[in-house]
Amino acid sequence: MKKIAVINNKGGVGKSTVSVQIAHGLALKGFKILLIDLDGQNDSSMFLGFTQDDYKNTFFDLINNRNCCTIEECIISARENLDLLPSMHIEQINSQFHRISRIDLVLNELLAGLESLRYDYVIIDCGPQRTKINDAVLCYVDNIVLPVQVEAASVRAIGNIYEYLADLRLDPDMISLVIPNMFDQRTNDSKENLEFLKEFFSNSNILSEPIHRRIKLTEAGKLGKTVFEFDNVAANQFSLVVERLIG
């Protein structure tokens with residue numbers, strides 16, 4: 001079981017969009033996938049067509065002493081080969097994690113039941129801040145996918161994730177894929193920032209082809225569909241990213 005966090009300390013870079021598309025893309029390849037939504041906005045759940053009315057138990061119930069559930073009771077089927085572990089009460093989860101002395105072990109304990117469910121990949125959609133939840137996620141996963149919006153502020157913020165890993169004493173090589181997102185080939189700013197990314201990561205092979213800015217990507221999310229169900233152009237772009245992950 002390979003565990004991947006989709007994370008960036010900067011908000012608005014498309015983490016949830018990337019999480020959902022790569023999760024469904026891997027599922028369509030025949031892999032068994034669990035997507036864990038740990039972003040407080042619940043966008044991954046929404047982009048798959050779910051609202052809070054569609055599930056009773058969430059990640060919170062794994063730590064809620066009043067209604068403690070098994071992990072199987074918190075997982076819902078989203079698509080063929082793709083399951084979802086939704087979340088609620090992110091602030092309360094974060095407060096609980098602040099009380100835990102070994103934050104590096106907490107998810108191994110809470111998610112121990114996943115091994116028997118035979119998932120090939122666990123994808124975790126993370127919130128943008130430095131939080132105890134994200135500390136726990138980064139200590140749990142094998143690899144990091146880093147979406148970067150192709151605009152100046154987002155590109156400049158790349159160093160923050162490396163500082164975060166250093167503060168947690170984690171290997172920066174955990175970042176296995178960097179995805180230039182929302183690329184607009186019509187603007188010089190996008191082109192210049194993409195060139196900067198290529199130069200910045202020139203000594204490694206972790207930069208993917210860019211995901212172009214498309215209105216249909218936004219429309220798909222609002223309709224609770226993935227690009228593989230809605231837009232062939234964007235689906236082809238994300239298929240390349242999925243192939244890089246498998247490789």
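Side-chain atoms are counted along with the backbone in the values below, which use heavy atoms only and exclude waters and symmetry mates.
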Q | Rounded distance (nearest 0.5 Å) linking atom CD of Gln21 with atom CD1 of Ile123 | A | 12.0 Å

Q. Is the His24 ring parallel, tilted or perpendicular to the Phe228 ring (thresholds 30°, 60°)?
A. perpendicular

Q) Taking the six-membered ring of Tyr121, is NZ or CZ of Lys2 closer than 6.0 Å to its centre and within 45° of its axis? A) no

Q: Would you name the heavy atoms of Leu62 and Leu110 that are closest together and state the gap between them?
A: O-CD2, 3.7 Å

Q: Begin with the C-alpha distance, continue with both residues' side-chain angles, and end with the deciding distance and a verdict on side-chain contact (heavy atoms from CB on, under 4.5 Å) for Lys10 and Asn160.
A: CA-CA 9 Å; Lys10 188 178 185 305; Asn160 292 342; over 6 Å; no

Q: Answer yes if Leu84 and Ile124 sit in the same cluster of Ile, Leu, Val, Met, Phe, Trp and Tyr residues linked by side chain heavy atoms under 4.5 Å apart, and no otherwise.
A: no

Q. Quick check: does any side chain N or O of Arg244 sit under 3.5 Å from a backbone N or O of Ser176, one acting as donor and the other as acceptor?
A. no

Q. Between Lys15 and Pro128, what is the shortest heavy-atom contact and its length?
A. NZ-CB, 3.8 Å

(Q) Testing the 3.5 Å rule here: is there a donor-acceptor pair between the side chains of Asp189 and Asn193? (A) yes

Q. Does Arg102 pair with Glu109 as a salt bridge, N-O distance under 4.0 Å?
A. no

Q. Short question: side chain of Asn134, backbone of Gly127 - any donor-acceptor pair under 3.5 Å?
A. yes

Q) Quick one: does Arg79's side chain have a donor or acceptor within less than 3.5 Å of a partner on Leu48's backbone? A) yes

(Q) Please give me the minimum heavy-atom distance between Asn94 and Lys132, naming the atom from each residue. (A) OD1-N, 3.0 Å

(Q) Check whether Asn181 reaches the backbone of Val13 with its side chain - one donor and one acceptor, N or O, closer than 3.5 Å. (A) yes

(Q) So for atom CD, which belongs to Glu73, do other residues, nucleotides or ligands contribute more than 12 heavy atoms lying within a distance under 6.0 Å? (A) yes

Q | Same apolar cluster: Ile211 and Leu194, side chain cutoff 4.5 Å | A | no

Q. Within the side chain of Asn236, is there an N or O that forms a donor-acceptor pair under 3.5 Å with the backbone of Asn232?
A. yes

Q. Is there side-chain contact between His212 and Gln237, with heavy atoms separated by less than 4.5 Å?
A. yes

Q: Following the transitive rule for hydrophobic clusters with a side-chain heavy-atom cut-off under 4.5 Å over Ile, Leu, Val, Met, Phe, Trp and Tyr, establish whether Leu34 and Val106 coincide in one cluster.
A: yes

**Q.** Atom pair CE/CG of Met88 and Asn42 - distance to nearest 0.5 Å
**A.** 7.5 Å

Q) Taking atom OG of Ser87 and atom CG of Asp37, what is their separation to the nearest 0.5 Å? A) 4.5 Å

Q | Carboxylate-amine/guanidinium proximity below 4.0 Å for Glu243 and Lys29 | A | yes

Q: Kindly check if the number of other-residue, nucleotide or ligand heavy atoms within 6.0 Å of NZ (Lys191) is above 12?
A: yes

Q | Sub-4.5 Å side-chain heavy-atom contact between Ile36 and Val137 | A | no

Q. Taking atom CD1 of Ile22 and atom CZ of Phe238, what is their separation to the nearest 0.5 Å?
A. 8.5 Å

Q) Under the 3.5 angstrom rule, does the side chain of Asp61 hit a backbone N or O of Thr58 as a donor-acceptor pair? A) yes

(Q) Main chain of Leu217, side chain of Asp231: is a donor-acceptor contact present, judged purely on distance under 3.5 Å? (A) no

(Q) Please evaluate residues Ile246 and Phe31 with respect to the criterion side-chain contact (heavy atoms from CB on, under 4.5 Å), reporting the C-alpha separation (whole Å), side-chain torsions for both, the decisive distance (0.1 Å), and the verdict. (A) CA-CA 10 Å; Ile246 295 170; Phe31 296 101; 3.6 Å; yes

(Q) Is it the case that over 12 heavy atoms from other parts of the model lie below 6.0 angstrom from the CG atom of Asp171? (A) yes

**Q.** Shortest non-hydrogen contact from Val141 toward Lys3
**A.** CB-O, 3.5 Å

Q) For Lys216, does the NZ atom sit with more than 12 other heavy atoms under 6.0 Å from it, leaving out its own atoms? A) no

Q. Does Gln41 CD have over 12 foreign heavy atoms under 6.0 Å away?
A. no

Q.
Quick check for you: to the nearest 0.5 Å, what is the distance between Asp135 atom CG and Leu168 atom CG?
A. 5.0 Å

Q: Measure the acute angle between the ring planes of Phe97 and Phe59, then classify it against the limits of 30° and 60° as parallel, tilted or perpendicular.
A: perpendicular

Q: Kindly indicate, with the supporting measurements, whether the criterion side-chain contact (heavy atoms from CB on, under 4.5 Å) is fulfilled by Arg213 and Gln149.
A: CA-CA 10 Å; Arg213 186 183 293 275; Gln149 186 178 355; 3.5 Å; yes

Q) Looking at Pro180 and Leu207, what are the two nearest heavy atoms and their distance? A) CG-CD1, 3.6 Å

Q: Please assess Glu163 against Arg130 for the test side-chain contact (heavy atoms from CB on, under 4.5 Å), listing each intermediate value before the final yes or no.
A: CA-CA 11 Å; Glu163 292 174 8; Arg130 285 196 184 196; 3.7 Å; yes

Q) So do Val145 and Ile4 actually touch side chain to side chain, heavy atoms under 4.5 Å? A) yes

Q.
If I take atom OG from residue Ser154 and atom CG from residue Asn8, how far apart are they, to the nearest 0.5 angstrom?
A. 5.5 Å

Q.
For the backbone of Phe201 and the side chain of Ser204, can you confirm whether one donor and one acceptor N or O come within less than 3.5 Å of each other?
A. yes

Q) Which pair of heavy atoms, one from Ala220 and one from Phe230, lies closest together, and at what distance? A) CB-CD2, 3.6 Å

Q) Quick one: are Val241 and Ile179 in side-chain contact, heavy atoms under 4.5 Å? A) yes

(Q) Against Val6, only a single residue in Cys126, Pro147, Ser16, Ser44 fulfils side-chain contact (heavy atoms from CB on, under 4.5 Å); can you say which? (A) Pro147

Q. Less than 4.5 Å apart, any side-chain heavy atom of Leu114 and any of Ile75?
A. yes

Q: Consider only side-chain N and O atoms of Asp83 and Tyr119, and report whether a donor and an acceptor are under 3.5 Å apart.
A: yes

Q: Using the rule that two of Ile, Leu, Val, Met, Phe, Trp, Tyr join whenever any of their side-chain heavy atoms come within less than 4.5 Å, decide whether Val122 and Ile76 are in one cluster.
A: no

Q | N-O pairing of Glu195 and Lys198 below 4.0 Å | A | yes

Q.
For residues Ile144 and Tyr164: do they belong to one hydrophobic cluster (side chain heavy atoms under 4.5 Å, members Ile, Leu, Val, Met, Phe, Trp, Tyr)?
A. yes

Q | Phe200 and Val178, any side-chain heavy atoms less than 4.5 Å apart | A | no

Q.
Has Asn57 got a side-chain atom pairing as donor or acceptor with Cys74's backbone, closer than 3.5 angstrom?
A. no

